[in-house]
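By convention in this document, chain letters (A, B, ...) are assigned in the order of the sequence lines, proteins followed by strands, and residues within each chain are numbered from 1. Computed from a predicted model, the values in this text were never measured in an experiment.
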Amino acid sequence: MTAQRLKGVIESILFVCGESVSVDSLATALDVTLIQIEQALYLLETEYAQEGRGLHLKRFANQVQIASKADYAQEVEQVLQPAQHMTLSQSALETLVIIAYRQPVTRQEIEAVRGVKCDYSIQSLMQKDLIRESGRKETLGRPILYGTTERFLSHFGLKSLEDLPVISKPDTPPEPAE
Amino acid sequence: MTAQRLKGVIESILFVCGESVSVDSLATALDVTLIQIEQALYLLETEYAQEGRGLHLKRFANQVQIASKADYAQEVEQVLQPAQHMTLSQSALETLVIIAYRQPVTRQEIEAVRGVKCDYSIQSLMQKDLIRESGRKETLGRPILYGTTERFLSHFGLKSLEDLPVISKPDTPPEPAE
Amino acid sequence: MELVFELKSFRGPLDLLLHLIGNAKIDIRDIFVSEVTEQYIRIVGQSGIMDLEEASGFIQMAATLLLIKSRSMLPVLAVSEEGDPEEQLIRQLEEYAYYQQIAARMQGLEQAASRMFTKLPEEFPLKPVTYELEGLTLENLILAFARLSARQAENTGEEAVQQALILMDEHTVPRCMAEILRKLRKGSQRFSSLLSCAPTRSEVVTLFLALLELLKQGRLSARQEENSNDIILSRGSRGLSEA
């Protein structure tokens, strides 16, 4: 058996096996020397280290096993568990805008601007990790204050909230109806 | 992503998945074009064809899967006892061939060719996911039409139905007895 | 010739016939000028007891072969509508032989494919599902802001006008009643045409109250084609003299 063929055969065996195989059993079954096996494994390991390969040769004790390359775990995960796509409703988007520009802000204050109840939008934005509770307002009832999250910044590619585009605000924001 | 990295990533994914993966889902999950995926698969396929590699890229329908190289089956079997693929009985094979070449086809049409009842073969082929119901024939009784599955292609190592062996056909097929 | 055939080893009568044709090394088209059909009838006759369901196909074929044989001994009969049974059987045999050949090739492919082993999926630890938001861009954010601002400006504007009008107390019910009757002298009017070009909420409400009062008094009639359509007003039964 040529060194090349031996390398191919070993790859074949390790692939089908899935689990680890002892170097000795490879040498015995294929009727070659341990040195030949070691040489083939060395070649295989070197090849696997290249960028264009997605496999990795695991060596431990006298055992050898093929595994996937750790560097590509993220991409593997993208295929096995693709990100769920979702869109924001117009009302959630409006609520998010108010929170982004006025944070920290209470639900009542948001509702005063939008003129409608915002419980559902707030809940939905919380679920999507775009906003979070940032404290309590020290007024009657100590209402929850909302602010944006890190994910909000990263989603829009913003370094900080100061990078939010400046929009001319309406002159007089209405007071919340409390 | 470089073409090399894409190739490595795909190898990693196919290794982890074990089962076949659709080309589309690779393109979607990795956010690259189908052409980039095809190029990477072509490179992988070419590399696998070398003696020093023990793997084989199975392509069928829109699917892709890594398998061990057929040339090295004997050595693999020396070390491991891999689960043998089921092989089909002669009757089932005849029924399957008629379905493959004449699809979509009804049970009555198959029986007209074979000259025997085919209920049992059809049932068994359905169970093995080699054939599927592909609709109803718009004739009296609306009989079920059968066609082959992606698994059929994989089972015979075919890329597509166009790869079915060609033999010069007799002039006129017999009419089904209805 | 002491060949013993086990019918069970054949996949139906066509398979047996093709087997005999193969043994006799003849072309399918020569089946009726050979010994094959007699052989077939003899084999089926000697086979003894077997599963009736399996046997019926073989026996039916034997009957067909006998029919064809007897026809050949008689003077030529008119060809029936179903066509020549001899020609039909030959065609069927050829078709079946064709698929048998393919099946043999496919068996080769099946064996080759079975030499390629696949592996089970790896156990791969997965993180919780991530959500990717679509259509959420800075542009959309700014648009939402603009929409919000526009709506706010509208609301505050309306309130301001309303306040001013209330102060002036321009719209009272009696005044509006007089105004409606005056306009109706020219003929039927739409409710909307009675309103000023920028009606405030109080104007609309007062005018509508006036309208209801006039209707109650029977001094005008109103109709509306459909919900939310404009109301059309015309002079009522008591006329306009009193106005």
**Student:** Applying ring-ring contact (aromatic ring centres under 6.0 Å, His included), name anything that partners A:F15, two or more places apart in sequence or on another chain.
**Tutor:**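 Not a single residue meets the ring-ring contact (aromatic ring centres under 6.0 Å, His included) criterion with A:F15.
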
**Student:** Go through it in stages, so that I can follow the logic: the residues are B:S25 and B:S22, the test is side chain to side chain donor-acceptor pair (under 3.5 Å), and I'd like the CA-CA distance, side-chain angles, deciding distance and then a yes or no.
**Tutor:** CA-CA 5 Å; B:S25 69; B:S22 87; 3.3 Å; yes

**Student:** Charged N to carboxylate O under 4.0 angstrom, B:E138 versus B:R142?
**Tutor:**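 Yes, B:E138 and B:R142 are salt-bridged.
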
**Student:** Who are the side-chain contact (heavy atoms from CB on, under 4.5 Å) partners of A:E77, not counting sequence neighbours?
**Tutor:**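 Partners of A:E77 under the side-chain contact (heavy atoms from CB on, under 4.5 Å) test: A:Q81, C:F124, C:L126, C:K127.
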
**Student:** Checking heavy atoms, do the side chain of B:T2, its backbone, both or neither come under 4.5 Å from chain A?
**Tutor:**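 Just its side chain gets close to chain A.
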
**Student:** B:E11 versus A:Y72: any side-chain heavy-atom pair under 4.5 Å?
**Tutor:**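 Not touching, per the 4.5 Å side-chain cut-off.
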
**Student:** Under a 4.5 Å heavy-atom cutoff, which of A:L26, A:L30, A:V21 has the most pairs with chain B?
**Tutor:**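 Top option by heavy-atom pairs under 4.5 Å: A:L30.
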
**Student:** How close do B:P143 and B:T106 get, heavy atom to heavy atom, and via which atoms?
**Tutor:**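 It is CG-CG2, 3.8 Å.
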
**Student:** Do any of residues 57-71 of chain A have a heavy atom less than 4.5 Å from a heavy atom of chain B, and if so, which, in residue order?
**Tutor:**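 When heavy atoms of chain B are the reference, residues 57-71 of chain A contributes A:I66, A:A67, A:S68, A:K69, A:D71 within the under-4.5 Å range.
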
**Student:** Has the side chain of B:E111 got a donor or acceptor atom that lies under 3.5 Å from a matching backbone atom of B:C118?
**Tutor:**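 Yes.
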
**Student:** Against chain A, work out which of B:L6, B:L44, B:V79, B:V9 has the most heavy-atom pairs shorter than 4.5 Å and name it.
**Tutor:**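 It is B:V9.
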
**Student:** List the atom of B:Q103, the atom of B:A100, and the distance in Å for their closest heavy-atom pair.
**Tutor:**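 Closest approach of B:Q103 to B:A100: NE2-O, 3.1 Å.
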
**Student:** Can you find a heavy atom in the side chain of B:T95 that is under 4.5 Å from one in the side chain of B:R114?
**Tutor:**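 B:T95 reaches B:R114 side chain to side chain.
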
**Student:** Compare every heavy atom of B:S160 with every heavy atom of B:L153, then report the nearest pair and how far apart it is.
**Tutor:**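 Minimum heavy-atom separation between B:L153 and B:S160: CD2-C, 3.6 Å.
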
**Student:** Quick test of your reading of the model: are B:E45 and B:K159 salt-bridged, counting only N-O distances below 4.0 Å?
**Tutor:**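 Between B:K159 and B:E45 there is a salt bridge, with a charged N closer than 4.0 Å to a carboxylate O.
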
**Student:** Anything in residues 46-56 of chain B with a heavy-atom distance to chain A below 4.5 Å? Please list those residues in order.
**Tutor:**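 If one takes a 4.5 Å heavy-atom cut-off, the residues of residues 46-56 of chain B near chain A are B:E47, B:E51, B:G52, B:R53, B:G54, B:L55.
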
